[in-house]
Amino acid sequence: PAENGETGAQQAQQEPAEDGKNGQARQRVDRRAEMADIARRRAQHFATFRDEDDEQDAGNVHAGGNEARTLGPWSSAVELVNAREQAAEARRQKVAKGGADEEEEEAAAGPHLSWKPGRDPKTPRLPPCPVRPLFELCIAMLVEHADCIDSLAGLPDVIRARLASAVCEAKLMTPEVAMLFARDAPGEVVLPTCVLLDPPALTELVAECATPKLEVLELGFCGRGFTDGTAGALAKAAHALPPVDTGPSTSKHAQASKGALNVRRLLLGGVYRLSDEGVEQVLGVTPHVEYLSITDGSRIDGAMLHNLRTLTPALRNLNLSGCRGITGATLSSNLPPLKSLTHLTLDGCVLVDDGVMSALGQGCSSLTHLSVTLCPAVTDTGVSALAATRPGLTSIRLDHCAKVTDRSLTALAAGCKGLKRLSVCRVSKITSAGLNAVAQNGCLEQLLASHVPGCDDSVMCTLVSHCKETLSDLDISFCRGVSDQGLGHLVDSCEQLQQVLLFGCSQITDRFAHGHGNEQLARTGGIKGFSTSVKGCD
């Protein structure tokens, strides 16, 4: 009886399971039948034409009314054929009109722009010759086998610098390779990137290259290895040298002294571990330096500027970009006494304000080049004060100075008649009126106005009218107000033009790129940042 009871229970459990399986099978059959019915109705729909008002279409599975017919492969193929025929007919009509549309565009642009392509815009220009010069091939071979070079003795300093730049680009400037450029008493040691050199390696390098012949020392991105200890090692190596003979024409402030290098150009880039004391140690053994660049020194607070006039009496070019710890008061009190200073770069020194600009104008009597990029505290007041007191200023960079407006450019146009280089990239408050005021002086050689919404065709016309004999460099990237007509008129008129940057100028078309008549500019690849329909063209 127990066995009979267990058997009955098992049968009772199996019956619901079998019912469930049968139900799932029936659902699959019903779903397949439903999908088959849908397929038959779709086939009937695409194979049979019905009028737009046909009521039988109301129950079709394709929603969307008339547009539903475009879902099928046959309808899509018909639409593609019709579109191809319409496009071909439009091209035939355009050719038959003989360029009337382009003439209408020129007329709509204004009577002052009568530029027409000097060549057929439909004929693409050939890309520049891709064959690399033999010199570049030799440099590339040396870079590839840099670890196999035993010595660079006898190699001219110019070629040494080119080779070092190529090695740095390939990220192969290891301590062993770097020592090749420091040995054999070179006149120039130029290493653009020293990120792979730690303090011991850089200390050994500066001690090796500290010779009486050294005149140029440039160590870019050397913050990792150039510390106060490295500066002390350079000073110690220089003290062991004999007196430097600077010649009879040297001033009394640069007399030959024991333990000094004859370095004229000194560049230390990214020295975030170097303090003012370390800078003074370096300058103490380089009294004849004329170009000094100490950039991104986060530990530098400007104390070394107090003795700068005594340490470097011949200094003419000073670059303190990225030294954010130097206050405006320190700059205002220590820079004006540098009477021989002609070039000053304070990019990224956020504490530079109108007071510094005014002090520079009143004190630096020889100043001709000034760069205050990324100095948000500089306003029209400071620029106007500088322009009123420094009429000999020939170059100024005001990039990213958000508070600068047309008032500054008007003051520069009135006070600095000989201004040759102007850079106002990303200064959104400047309009065409300010740019035209500066261009009307007729001396501009370089105009950098990237991301300036106010730069338009009127600026191009002013440059052609007053600066066509001098303009050589132009940057109007992301200036959407410049058209093909304005830019073509400028490029065809300015024969000295060597470079035009057009990044982000989506409104410029192949009509300018292939139609302008400045063959020298096209041959040298001077137009950059603009993608044409020809592979290989910039």
Side-chain angles (χ1 to χ4, degrees), residues 318 320-321 326-339 341-455 458-459 462-463 466-467 470 475:
L318 177 62
L320 298 174
S321 298
I326 304 179
T327 64
T330 302
L331 294 172
S332 300
S333 59
N334 293 284
L335 291 182
L338 302 176
K339 301 301 180 181
L341 193 65
T342 60
H343 295 66
L344 178 61
T345 304
L346 300 174
D347 296 345
C349 297
V350 295
L351 300 180
V352 173
D353 54 12
D354 292 339
V356 176
M357 300 289 285
S358 179
L360 293 175
Q362 296 175 2
C364 298
S365 56
S366 302
L367 189 64
T368 57
H369 297 70
L370 176 64
S371 179
V372 287
T373 296
L374 291 170
C375 295
V378 174
T379 68
D380 293 332
T381 303
V383 177
S384 300
L386 177 70
T389 53
R390 288 271 64 80
L393 196 68
T394 60
S395 174
I396 187 169
R397 294 182 64 95
L398 300 170
D399 303 340
H400 297 268
C401 295
K403 297 181 180 179
V404 172
T405 66
D406 285 343
R407 178 186 166 194
S408 296
L409 298 191
T410 304
L412 289 171
C416 306
K417 299 290 186 179
L419 192 65
K420 297 180 180 180
R421 298 175 181 86
L422 174 65
S423 181
V424 288
C425 298
R426 293 185 180 270
V427 184
S428 58
K429 294 183 179 179
I430 287 179
T431 67
S432 59
L435 295 174
N436 288 332
V438 177
Q440 286 173 0
N441 287 332
C443 297
L444 276 183
E445 297 178 359
Q446 182 185 67
L447 176 61
L448 308 180
S450 173
H451 292 83
V452 177
C455 184
S458 66
V459 179
T462 304
L463 290 173
H466 299 86
C467 304
T470 60
D475 183 4

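Positions are given from 1 along the sequence. All values below were derived from every heavy atom in this structure, side-chain atoms included, with hydrogens, water molecules and symmetry-related copies excluded.
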Nearest 0.5 angstrom please: [X] [atom1] to [Y] [atom2], how far?
X: Asp475; Y: Ser423; atom1: CG; atom2: OG; result: 8.0 Å
X: Leu331; Y: Leu360; atom1: CG; atom2: CG; result: 8.0 Å
X: Asn436; Y: Thr410; atom1: CG; atom2: OG1; result: 10.5 Å
X: Cys425; Y: Leu398; atom1: SG; atom2: CG; result: 10.5 Å
X: Leu351; Y: Leu346; atom1: CG; atom2: CG; result: 11.0 Å
X: Gln362; Y: Ser332; atom1: CD; atom2: OG; result: 10.0 Å

Less than 4.5 Å apart, side chain to side chain, heavy atoms only: is that true for [X] and [Y]?
X: Ile396; Y: Leu422; answer: yes
X: His369; Y: Thr394; answer: yes
X: Arg421; Y: Glu445; answer: yes
X: Val372; Y: Val356; answer: no
X: His343; Y: Thr368; answer: yes
X: Leu412; Y: Leu409; answer: yes
X: Thr470; Y: Lys420; answer: no
X: Thr345; Y: Leu318; answer: no

Would the distance check show the side chain of [X] and the main-chain N or O of [Y] forming a donor-acceptor pair, the cut-off being under 3.5 Å?
X: Thr462; Y: Ser458; answer: yes
X: Asp347; Y: Thr373; answer: yes
X: Arg390; Y: Gly361; answer: yes
X: Asp354; Y: Thr379; answer: yes
X: Asn441; Y: Ala413; answer: yes
X: Ser358; Y: Gly382; answer: no
X: Ser366; Y: Lys339; answer: yes
X: Asp406; Y: Thr431; answer: yes

Check the pair Thr381 / Arg407 against side-chain contact (heavy atoms from CB on, under 4.5 Å), numbers first and verdict last.
-> CA-CA 9 Å; Thr381 303; Arg407 178 186 166 194; 4.1 Å; yes

Taking all non-hydrogen atoms of both residues into account, name the closest pair between [X] and [Y] and its distance.
X: Thr330; Y: Asn334; answer: O-ND2, 2.7 Å
X: Cys455; Y: Leu435; answer: CB-CD1, 4.0 Å
X: Ala439; Y: Cys467; answer: O-SG, 3.3 Å
X: His400; Y: Val427; answer: N-CG2, 4.0 Å
X: Val404; Y: Ile430; answer: O-CG1, 4.2 Å
X: Pro336; Y: Cys364; answer: CA-SG, 3.8 Å

Please lay out, stage by stage, how Val378 and Val352 fare under the test side-chain contact (heavy atoms from CB on, under 4.5 Å).
-> CA-CA 7 Å; Val378 174; Val352 173; 4.1 Å; yes

Could you go step by step and tell me if Arg426 and Asp399 meet the side-chain contact (heavy atoms from CB on, under 4.5 Å) rule?
-> CA-CA 6 Å; Arg426 293 185 180 270; Asp399 303 340; over 6 Å; no

